[in-house]
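Nothing fancy with the numbering, it's 1 onward along the sequence.
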Amino acid sequence: MQSDNYLSLLNPEQCQAVMHEGSPLLILAGAGSGKTRVITTKIAWLIEQGTDPRTILAVTFTKKAANEMRERACRLNENAQFAQIRTFHSFGSWFLRVYAEYAGLAPNFTIYDDTDMLTLLSKVAPELTHNQCAHYTHLISRAKDYCLLPDSDLTEIDEDPNFADYYQKYQDRLHETGNADFGDLIALPVRILKENPEIAEQMHRRFQVIMIDEYQDSNVAQFELLKVLAGPETYVCVVGDDDQSIYSFRGAEVQNILTFQENFKGAELIKLERNYRSVAPVLKIADEVISNNKGRLGKTLKAERGEGKKPVAVFLANQDEETAFCAEMIKAAYRKGCPYSDWAVLYRTNAQSLGFETEFLNRKIPYRVVGSLKFYDREEIKDILAYLALVLNSRDEISFARVVNKPLRGVGNSSQQKIIDFARSTYGTLEMSPEQRPVLRGSILEACADEALPIPAKAKKGVLQFLEIMQNLAAELDKSAENGEPAVSKEVADMAQIAIEEQMLSNAPLEKAKTLASFIEKVISASGLGEYHSAQDEIAGTQRVANMQELANSAALYPKTRAGLALFFDHIELDRAVTQAEDTSDAVTLITLHNTKGLEFPRVIITGIEKGIFPREDKVDSELEEERRLFYVGITRARDELYLTTTASRRLYGRTEWMSPSPFLAEIKRESVEVLGRKPARFSFAGERKLNAGQKVLNGGETPKTDPLFERWKPGTKVYHDDFGYGLVCKASYIEGDLSIYVAFESGAKKQFMPEHCASSLMRVKD
């Protein structure tokens, strides 16, 4: 295809970027602005203008993106197949194989992954535990992302005084093997090019054009690589969006793109601001949010698709209402002909998917979880459920085998099988099930305590440690029997379950210590799984601890009894037993905000937009700006419709917490969104007037009027509470939009209430 043909498909800014030559160039490409088309067209155009394709190096971050770039460039100009279009790490590997001797590597070196790194460090530092080795290998990888050596100042990575020593021991052993790890694929080429000017000169002659895609995701080492690869005559072009830099936890450094024009003198800036994805109202609130970031180059997206439906801000009472609202809205749209696949539900953490998975299964709404397993299929959730199942049924050999050696206790597969065989032969087959199958009359745990258990001493020690954990957990749950829980016959169990279900339907909160949530939290800590998976989180950036806590949260409505645990398992199994339709191509997408990068959907729901959830409480300064960029990424995934949901309360850490809308939501102008639900009186959209106690805004933005709710519960009001008796309201004020009152009771007790949420137990007393 001739350039006249493919250039005619570009808008003026895209065409300017493609045809730019000479000075370094930063293409600031907004969401949905066609950046991939620009970079692939530029490769084809350069070749047509006489650039030798073998002198072009185009680099991106994923193999999928590199393959797509190559295919699209080759469709425009078949000679693009001779260009070097690679990922950063693929280029590093190619370079090191050419110059292996300069790096001290074997000619046919292999590349160590995270597991190999951990094994190597454990050999040179046998005094370290598995978790400690994992921690230090993670730090080593981060150090290499910054091109830091063992004798560098490592305090910006970690202030641990032992870190440099373990880093040096690891590096020495790695050098002896002649192999490299992933961090070396960038750090070693940087070092070689800096220490060997003749090699740098060879690279400058070889690569006359260097192009980098998704430049906002580059780390310090990758920036250093670009600097040493680019010679005085090298044409450098980077494409990226500072407003979509959301991977600092992987080492990405947004300053790379913000300071590009300072680091590459004479660099020009071309902004791609025409958005071909979203309707104008969606882009309007995206701009209102992201404009609050100070660390940005600045651009305003323009909707080429024109006007459309306003985004909707939805204020809901709790997370159950949130999932029900989303399910009903999706179902209603489906009945009108909208496919399920048009919808995406976005959330900040993987753990938030549980409520939606449960609701969608019950409503028979097909869904797919992107970027992670379904909630109950996750390793850490299966681990906790295995402990719970074994507490409930100590004959469960499948659950026993899963967790007896997790975390590691020296009880290998051979010992596990011997324990199970011993339990069967010594404690089994005297009873028959209704299906005429033999069952154990004792338990596997009983067999674990038997001195005759035929396993090695090391394994027996681990088994006794495990047995103590299980006995303590069983004792914790059985305390309920001392508080009046009857023996569990079938009839009594049925009655107990009915009572539990009635209590759950009433939404009457239980004290946390009496809930199954508190028991699951104890399992997480006592089993050692909390510490075990926390170490995995630190290394891999996973959210396993959060997922385990969400499992505990989901049990907050169940009492801490065996009947409560049995009912909890029943509900889980019912959720897991509901099968999806065979054809799941038409399914709602459940996905974290981080995983939506590069995707788009006709209808998007961003959920859990509350302070402490999104953003988290610990986010300040640059971290808060990255959270805002993440919100911006979520907003700009929506093509036609966008819904933003926030709740007044949410089950967190095993108890119900009062929530307030995210400050990001307050950065949106009231006229930019439709509002559903009761907006908290103390919450204001951008530009709205802040209110005093006793006032609220009606219908979003009207003149403040006296709040009837405040008048009803103002100081001096006499009240009666089912548990505390008669009292007097001594203070009334709004807390994050909800009326809160303090009551002094005749008994001397002073309690805080939110009247809207305890109407069944708190009443006004007329004079």
Exceeds 12 heavy-atom contacts within 6.0 angstrom, atom CD of Glu159: no

Got a salt bridge between Glu600 and Arg639, using NZ or NE/NH1/NH2 to carboxylate O under 4.0 Å? yes

May I have the step-by-step check of side-chain hydrogen bond (donor to acceptor under 3.5 Å, both in side chains) for Ser291 and Asp287, ending in yes or no? CA-CA 6 Å; Ser291 61; Asp287 182 65; 5.1 Å; no

Check the pair Tyr167 / Tyr136 against ring-ring contact (aromatic ring centres under 6.0 Å, His included), numbers first and verdict last. CA-CA 8 Å; Tyr167 185 4; Tyr136 281 119; over 10 Å; no

To check you understand the geometry: which heavy-atom pair defines the closest contact between Thr592 and Thr349, and what is its length? CG2-C, 4.1 Å

When you look at Gln222 and Glu224, which way does the side-chain hydrogen bond (donor to acceptor under 3.5 Å, both in side chains) test go after all the steps? CA-CA 5 Å; Gln222 289 158 344; Glu224 292 293 333; over 6 Å; no

Would you indicate whether the side-chain heavy atoms of Ile520 and Ile524 approach each other to under 4.5 Å? yes

Using the rule side chain to side chain contact (heavy atoms under 4.5 Å, CB included), only one of Ile27, Asp213, Leu226 pairs with Val238; which is it? Leu226

Stepwise, does the side-chain hydrogen bond (donor to acceptor under 3.5 Å, both in side chains) test hold for Glu357 with Ser353? CA-CA 6 Å; Glu357 292 187 51; Ser353 76; 2.8 Å; yes

Yes or no on ring-ring contact (aromatic ring centres under 6.0 Å, His included) for Phe683 and Phe315, after CA distance, side-chain angles and deciding distance? CA-CA 11 Å; Phe683 171 79; Phe315 295 87; 5.6 Å; yes

Using atom types as modelled and distance alone, determine if a side-chain donor or acceptor of His594 lies under 3.5 Å from a backbone N or O of Ile246. yes

Salt-bridge test for Asp217 and Arg250: reply yes if a basic N is under 4.0 Å from a carboxylate O, no otherwise. no

Donor-acceptor contact present, side-chain Ser278 to main-chain Ala638, <3.5 Å: yes

Report the C-alpha distance between Glu379 and Arg544 in whole Å, list the side-chain angles of each, state the deciding distance to 0.1 Å, and finish with yes or no for salt bridge (Lys or Arg N to Asp or Glu O under 4.0 Å). CA-CA 9 Å; Glu379 176 190 359; Arg544 294 181 174 186; 3.2 Å; yes

Roughly how far, to the nearest 0.5 Å, is CD1 of Ile186 from CG of Asp145? 9.0 Å

Check Glu627 with Arg348, please: is the shortest side-chain N to carboxylate O separation under 4.0 Å? yes

Quick one: does Asn318's side chain have a donor or acceptor within less than 3.5 Å of a partner on Thr647's backbone? no

Nearest 0.5 Å, please: how far is CG in Leu28 from NZ in Lys299? 4.5 Å

Any donor-acceptor N or O pair under 3.5 Å, side chains Thr129, Asn131: no

Quickly, which of Asp320, Thr656, Thr515 forms a side-chain hydrogen bond (donor to acceptor under 3.5 Å, both in side chains) with Arg651? Name it, please. Asp320

Between the main-chain N or O of Ile591 and the side-chain N or O of Tyr347, is there a donor-acceptor pair closer than 3.5 Å? yes

Residues Lys144, Asp184: salt bridge by 4.0 Å N-O rule: yes

Salt bridge or not between Glu671 and Lys310? Use side-chain N to carboxylate O under 4.0 Å. no

Quick check on Lys302: does its NZ atom have over 12 non-hydrogen neighbours (other residues, nucleotides or ligands) under 6.0 Å away? yes

Taking every heavy atom of Cys133 against every heavy atom of Leu128, the minimum-distance pair comes out as SG-CB, 3.6 Å

Between Pro755 and Ile741, is there a side-chain heavy-atom distance shorter than 4.5 Å? yes

With a 3.5 Å distance limit and no angle check, can you tell me whether Glu253 reaches the backbone of Val220 through a side-chain donor-acceptor pair? no

Of all heavy-atom pairs linking Pro615 and Pro663, the shortest is CD-CD, 3.9 Å

Gap separating the CD1 atom of Ile605 from the CH2 atom of Trp343, nearest 0.5 angstrom: 5.0 Å

Would Glu322 and Thr645 count as a side-chain hydrogen bond (donor to acceptor under 3.5 Å, both in side chains) here? Give the steps. CA-CA 7 Å; Glu322 180 181 53; Thr645 67; 2.7 Å; yes

Side-chain donor or acceptor of Glu626 paired with backbone N/O of Ser248 under 3.5 Å: yes

One should read off an interatomic distance between Leu118 CG and His138 NE2, to the nearest 0.5 angstrom, of 13.0 Å

Give me the ring orientation class for Phe631 and Phe664: parallel if the planes are under 30° apart, tilted from 30 to 60°, perpendicular past 60°. parallel

If you draw a 6.0 Å radius around NZ in Lys522, do more than 12 non-hydrogen atoms from other residues or ligands fall strictly inside? no

Could you tell me how the ring of Phe260 sits relative to the ring of Tyr215: parallel (under 30°), tilted (30 to 60°) or perpendicular (over 60°)? perpendicular

For the pair Gln168 (side chain) and Asp165 (backbone), establish whether a donor and an acceptor sit closer than 3.5 Å, ignoring hydrogens and angles. no

Determine whether the side chains of Asp241 and Tyr632 contain a donor N or O and an acceptor N or O closer than 3.5 Å. no

Expected output: side-chain Asn292 to main-chain Glu288 donor-acceptor under 3.5 Å: yes

Step by step, work out the side chain to side chain contact (heavy atoms under 4.5 Å, CB included) result for Leu652 and Met659. CA-CA 10 Å; Leu652 296 170; Met659 310 299 291; 3.8 Å; yes

I need the Lys619 NZ to Phe614 CZ distance, nearest 0.5 Å. 11.0 Å

Output yes when Glu625 and Arg296 qualify as a salt bridge under the 4.0 Å nitrogen-oxygen rule, no when they do not. no

Test item: Glu531 side-chain N/O and Gly528 main-chain N/O as donor-acceptor pair under 3.5 Å: no

Which atoms form the tightest heavy-atom contact between Leu258 and Gly295, and what is the distance? CD1-O, 3.7 Å

Interatomic distance, CG@Asn275 vs CG@Leu283, rounded to 0.5 Å, equals 4.5 Å

Using a distance-only test with no angle check, is there a side-chain donor-acceptor pair under 3.5 angstrom linking Asp383 and His533? yes

Val633 and side chain to side chain contact (heavy atoms under 4.5 Å, CB included): which partner among Thr596, Asp243, Leu346, Leu599? Thr596

Nearest heavy-atom neighbours spanning Ile212 and Phe88: CD1-CZ, 3.9 Å

For the backbone of Thr636 and the side chain of Arg277, can you confirm whether one donor and one acceptor N or O come within less than 3.5 Å of each other? yes

Residue pair Val545 / Gly530: nearest heavy atoms and the distance that separates them: CG2-O, 4.0 Å

